[in-house]
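Throughout, protein chains are lettered first and strands after them, A, B, ... in sequence-line order, and every chain is numbered starting at 1. Basis for what follows: all heavy atoms, side chains included, without hydrogens, waters or symmetry-related copies.
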There are 2 protein chains.
Amino acid sequence: MDNYIKIFKALSDMTRLKIMWLLINIDEKICVSEIVDVLEEYQYNVSRHLRILKDAQLIDEVKEGKWVFYYLSPMKEEFGDLIQKAICSIPDTEMTTEMMKCKRRLTMRENDIDTKEEGS
Amino acid sequence: MDNYIKIFKALSDMTRLKIMWLLINIDEKICVSEIVDVLEEYQYNVSRHLRILKDAQLIDEVKEGKWVFYYLSPMKEEFGDLIQKAICSIPDTEMTTEMMKCKRRLTMRENDIDTKEEGS
DNA sequence: TACATATATGTGATTTTGTGCATATGTTAA
DNA sequence: TTAACATATGCACAAAATCACATATATGTA
């Protein structure tokens, strides 16, 4: 029962739920600094929230150079699968700003040196 | 977004998750004192937990004489529906004791005067 | 009426959680 | 090596959650 509690607890915070929503909806791995930019939250807080999601086995991480990318854990049990579907059913209207920022940030990956002076 | 957070928060407590699991699995309304007996938790705590679940719109109540029965709220949105399914997918093995006690307690409803001296 | 049963709530103590700040660790580039 | 960037974490504090105790409210019954 503790595992299920841990999952619900992990999802009962705005920042963490937003991270999960993004991961589910963009279907792509994303690194800490990108989440920081999208959610406009301090880096150290994002880091901590990511750890909580990982401890609940909702996400995994992979290190690439100086970046750490986070992605959805493949769900083995039906429970996690249904929880993911539930998060996915949260309408975009709740996340328009974040989704916009996220898309813009992800396209900046390839040519991030060229567009650095673009500003906000 | 706050509603979703509220739901996850409501479910991130052992007693409350157990109450929800029971309500989903017995498919029947149940009153406070019955939950107290099944979960072996103080009445005042059960009362409070039920209020939190109700504030999250997961359950509703109906008064019948001196009893207050609680039952699953009919889910209007897909989100709530998937959350219910997720809770339903939590295996019985996590709840064997509670389920046994619950079944016994519910059969005692009809003939509860006759069997009162049966004890535990 | 008085009493027993069922449920809810105010209050204070304890625990847990989220956050800000500073700083540590690790990686890349000059 | 030094500097810059990316991420993680120790510590202190404030806010929130949980719980135990006492008590209040409401209903039914003798």
Decide yes or no, distance alone: a donor-acceptor N/O pair under 3.5 angstrom between the base of C:dA6 and the side-chain of B:Gln43. no
Spacing between A:Ile5 atom CD1 and D:dT18 atom P, to the nearest angstrom: 10 Å
Which residue lies toward the 5' end of DNA chain C, B:Lys66 or A:Arg16, if each is placed at its nearest nucleotide? B:Lys66
Checking all strands, does A:Arg51 fall into the base, sugar-phosphate, or nothing category for heavy-atom contacts under 4.0 angstrom? sugar-phosphate
Does the plane of the ring in A:Phe79 sit parallel, tilted or perpendicular to the ring in A:Tyr4? Use 30° and 60° as the thresholds. perpendicular
At less than 4.0 Å, is any side-chain N or O atom of A:Asn45 found next to OP1 or OP2 of C:dG18? Yes or no. no
Greater than 12 external heavy atoms within 6.0 Å of A:Tyr71's OH: yes
Compare the minimum distances between each of D:dC19, D:dT7, C:dT7 and the side chain of A:Trp67, then state the nucleotide with the smallest one. D:dT7
Measuring to OP1 and OP2 of C:dG18, would you say a side-chain N or O of A:Thr15 lies under 4.0 angstrom away? no
When you measure from the side chain of B:Ile52, which nucleotide among C:dT19, C:dA8, D:dT18 comes out closest? D:dT18
Would you indicate what B:Tyr44 reaches in the nucleic acid, counting non-hydrogen atoms under 4.0 angstrom: base, sugar-phosphate, or nothing? base
Is a salt bridge present between B:Asp2 and B:Lys6, judged by a nitrogen-to-oxygen distance below 4.0 Å? no
Rounded off to whole Å, could you give me the CG-to-C1' distance for the B:Leu50 and D:dC19 pair? 16 Å
Given the rule that I, L, V, M, F, W and Y join up when any side-chain heavy atoms are under 4.5 Å apart, are B:Met99 and B:Ile90 in one cluster? yes
On DNA chain C, nearest-nucleotide positions of A:His49 versus B:Cys31: which is more 5'? B:Cys31
Categorize A:Ser33 for me: base, sugar-phosphate, or nothing, with a 4.0 angstrom heavy-atom threshold over every strand shown. sugar-phosphate
B:Ile30 CD1 to C:dA6 P, in whole Å, measures 14 Å
When the distance from CD of A:Glu61 to C1' of D:dA6 is rounded to whole Å, what number comes out? 13 Å
Atom-pair distance (CG on B:Leu17; P on D:dT18), nearest Å: 13 Å
Within one Ile-Leu-Val-Met-Phe-Trp-Tyr cluster: A:Tyr44 and A:Val68, side-chain cutoff 4.5 Å: no
Roughly, in whole Å, what's the span from NZ in A:Lys9 to C1' in C:dG18? 13 Å
Whole-Å distance, B:Tyr42 OH to C:dT9 C1', equals 18 Å
Quiz item: A:Arg48 side-chain donor-acceptor pair to C:dG20 base, under 3.5 Å: yes
Between B:Tyr70 and C:dA8, does any side-chain N or O lie under 4.0 Å from OP1 or OP2? yes
Provide, to the nearest angstrom, the distance between the CG atom belonging to A:Leu53 and the P atom belonging to C:dG18. 11 Å
Reckon A:Phe69 touches a base, only the sugar-phosphate, or nothing at all at heavy-atom distances under 4.0 Å? nothing
Tell me if the CD atom of B:Gln43 is crowded by more than 12 foreign heavy atoms within 6.0 Å. yes
